[in-house]
There are 2 protein chains.
Amino acid sequence: MTVTERKERQRLLREQLFLDKAAELIAQHGILPLQMAPLAKACDYATGTLYQHFSSKEDLLLALANRNSCHQIQLFQGIAALPISSREKMLALCVADHMNQQAHPSHAGLEQYIFTEVVWKNASAARRQAIIDNSKPLAEVVSGIVQQAIIDNELPAHNCDAFNLSVAPWALCVGTNTLERTEGLLSAFGGNADPLQRYRHLHMLLNGMQWQPLQRIDDRVELSKQIALLQTLLEPFFQCENTA
Amino acid sequence: MTVTERKERQRLLREQLFLDKAAELIAQHGILPLQMAPLAKACDYATGTLYQHFSSKEDLLLALANRNSCHQIQLFQGIAALPISSREKMLALCVADHMNQQAHPSHAGLEQYIFTEVVWKNASAARRQAIIDNSKPLAEVVSGIVQQAIIDNELPAHNCDAFNLSVAPWALCVGTNTLERTEGLLSAFGGNADPLQRYRHLHMLLNGMQWQPLQRIDDRVELSKQIALLQTLLEPFFQCENTA
DNA sequence: CTCAGTTTTTGAATTTAATTCATAATTCAC
DNA sequence: GTGAATTATGAATTAAATTCAAAAACTGAG
């Protein structure tokens with residue numbers, strides 16, 4: 001069935017084109033002014049064609065977010081394979097997440113948006129499932145790091161399984177991103193934008209988990225060096241995205 | 001100006017009516033199907049009247065979320081005044097937050113929604129500012145607890161100010177809520193719905209902050225008792241909401 | 001109490017933008 | 001090459017937020 005295959009390939013290609021253009025438009029003007037008809041036009045297709053790929057605007061947004069998170073899987077797997085301690089890996093995941101946020105602010109906003117009841121429920125069930133399926137390998141990478149740490153006696157199991165434990169740093173990252181993204185909320189208080197704060201908090205959590213080696217959290221210089229080092233280490237993973 | 005006063009009072013009353021009805025409709029059917037015209041009709045007013053109070057649908061949603069968070073201030077202040085240790089207070093804040101989530105699931109979804117770029121930017125600047133202003137006393141209560149803990153030598157300052165430190169548990173709560181609310185995400189993995197997990201994670205964080213007295217985190221029975229006790233203690237604060 | 005002026009309310013008309021679908025174009029199998 | 005099947009098109013439809021001209025209610029002076 002070479003014919004069917006070719007058609008399918010072209011179909012996929014067109015879908016990527018739609019998503020590319022949508023990402024571009026969102027990066028340029030935000031999610032708010034994205035419209036279906038102009039998007040189709042910008043890709044030289046009719047509105048109806050767009051709807052052959054996405055059951056609704058929300059469906060398209062989920063698809064876009066899902067594609068973004070595919071990059072994350074590779075990134076995370078790459079980190080898991082680095083020759084650093086398990087605790088450093090966990091830290092590196094957060095650094096990578098943060099670098100992602102900064103490199104693609106609109107991705108972060110999109111992610112927040114799609115998990116909203118209003119958007120989530122307006123997408124097709126298949127698309128929702130795709131996102132959930134994609135989170136699975138992501139969660140597995142993180143759980144794997146936790147599991148390895150437990151096996152290596154760097155982390156006590158605390159009477160929990162690896163996945164449960166991995167949720168703690170995950171939640172902290174998600175929450176930090178949410179708070180930081182909420183324009184003007186943190187900055188409205190004394191809360192300046194100390195970019196290391198999130199990592200200090202993470203180290204507190206990891207210390208509390210008894211994840212060895214424990215780390216001092218009042219030494220800004222050391223923390224700063226550590227993060228800078230990890231950022232350098234992760235830099236290669238972010239190179240390829242320029243092409244995408 | 002008694003006349004002006006009376007008019008203003010009635011205006012406020014009508015605004016509350018709109019918000020009450022909107023909350024009711026949202027609780028009943030979700031945010032998605034809320035429509036302006038039916039809402040106005042349900043309150044026996046014309047559509048245009050609704051727009052005399054709220055510049056847009058999003059503006060109304062912010063107003064609603066803001067009113068909800070006013071309750072939180074009282075709740076939080078009540079907790080700060082309880083005769084328990086500073087660490088228990090911090091824990092109690094999270095318990096209260098979680099109780100809120102469960103008592104009013106739609107509030108939680110609304111809160112997530114309004115901080116979304118799309119919604120936030122569609123509301124009036126005044127309304128946004130109101131939300132930020134309302135968060136201030138909230139943040140102050142939490143910072144106050146942290147500050148007191150530092151003064152009482154129950155918590156090392158770690159070279160940070162109280163607000164910065166208070167962001168850590170806050171972010172953890174926010175992130176946990178987000179993950180938990182995302183229907184099917186956590187449950188798609190092994191992640192069952194252990195309701196104590198969030199508190200275990202919080203204790204890990206507090207331990208990592210060296211917040212005294214440190215607590216064992218592998219003892220499920222003790223944790224369970226502790227939370228149940230706090231829930232009982234907080235019960236009174238949730239009584240009055242039935243009238244509202 | 002009455003009336004001109006002012007403010008407020010009304011809800012039908014307008015607008016915006018997503019979604020659909022009858023028609024046209026293309027592809028495919030024979 | 002031809003008719004059936006599939007796919008693309010974009011104008012028409014629909015849904016719902018928002019506006020605004022007209023009507024109603026209110027105001028305070030005479």
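Each chain gets a letter, A, B and so on, in the order the sequences are listed, and its residues count up from 1. Just the heavy atoms: all of them, side chains too, but no hydrogens, waters or symmetry mates, feed the values below.
- Side-chain contact between B:Ser69 and B:Ile131 is absent, with no heavy atoms from C-beta onward closer than 4.5 Å.
- Rounded to whole Å, the distance from NE2 on A:His53 to C1' on D:dT9 is 14 Å.
- With sequence neighbours excluded, the residues that form a ring pair (Phe, Tyr, Trp, His ring centres under 6.0 Å) with A:Phe115 are A:Trp120.
- Side-chain polar atoms of A:Asp194 and B:Asn164 form no donor-acceptor pair below 3.5 angstrom.
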Pull out every protein N or O sitting under 3.5 Å from an N or O of nucleotides 16-18 of chain C, one pair per line with the distance.
{"unit_1": "C:dA18", "atom_1": "OP1", "unit_2": "A:Leu34", "atom_2": "O", "d": "3.4"}
{"unit_1": "C:dA18", "atom_1": "OP1", "unit_2": "A:Lys57", "atom_2": "NZ", "d": "3.1"}
{"unit_1": "C:dA18", "atom_1": "OP2", "unit_2": "A:Met36", "atom_2": "N", "d": "3.1"}

Can you check nucleotides 10-15 of chain C for protein contacts, nitrogen or oxygen pairs under 3.5 Å, and list what you find?
{"unit_1": "C:dT10", "atom_1": "OP2", "unit_2": "B:Ala46", "atom_2": "N", "d": "3.2"}
{"unit_1": "C:dT10", "atom_1": "OP2", "unit_2": "B:Thr49", "atom_2": "OG1", "d": "2.6"}

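- A heavy-atom distance below 4.5 Å is found between the side chains of A:Leu75 and A:Asn100.
- One atom, CG of A:Leu50, and another, C1' of C:dT20, lie 13 Å apart when rounded to the nearest Å.
- Whole-Å rounding puts the B:Glu8 CD to C:dT8 P distance at 10 Å.
- There is no side-chain donor-acceptor pair under 3.5 Å between A:Arg11 and A:Gln52.
- Protein atom CG of A:Asn122 is 11 Å distant from nucleotide atom P of D:dA16, rounded to whole Å.
- A:Leu233 places a side-chain heavy atom less than 4.5 Å from the side chain of A:Leu230.
- Protein atom CG of B:Leu32 is 14 Å distant from nucleotide atom P of D:dA15, rounded to whole Å.
- Separating the CG atom of A:Leu60 from the P atom of C:dT19 is a distance of 10 Å, rounded to the nearest angstrom.
- Under a 4.0 Å N-O distance rule, the pair B:Lys21/B:Asp44 does not qualify as a salt bridge.
- Put simply, the side chain of A:Glu117 gets close to the backbone of B:Ile31: a donor and an acceptor are under 3.5 Å apart.
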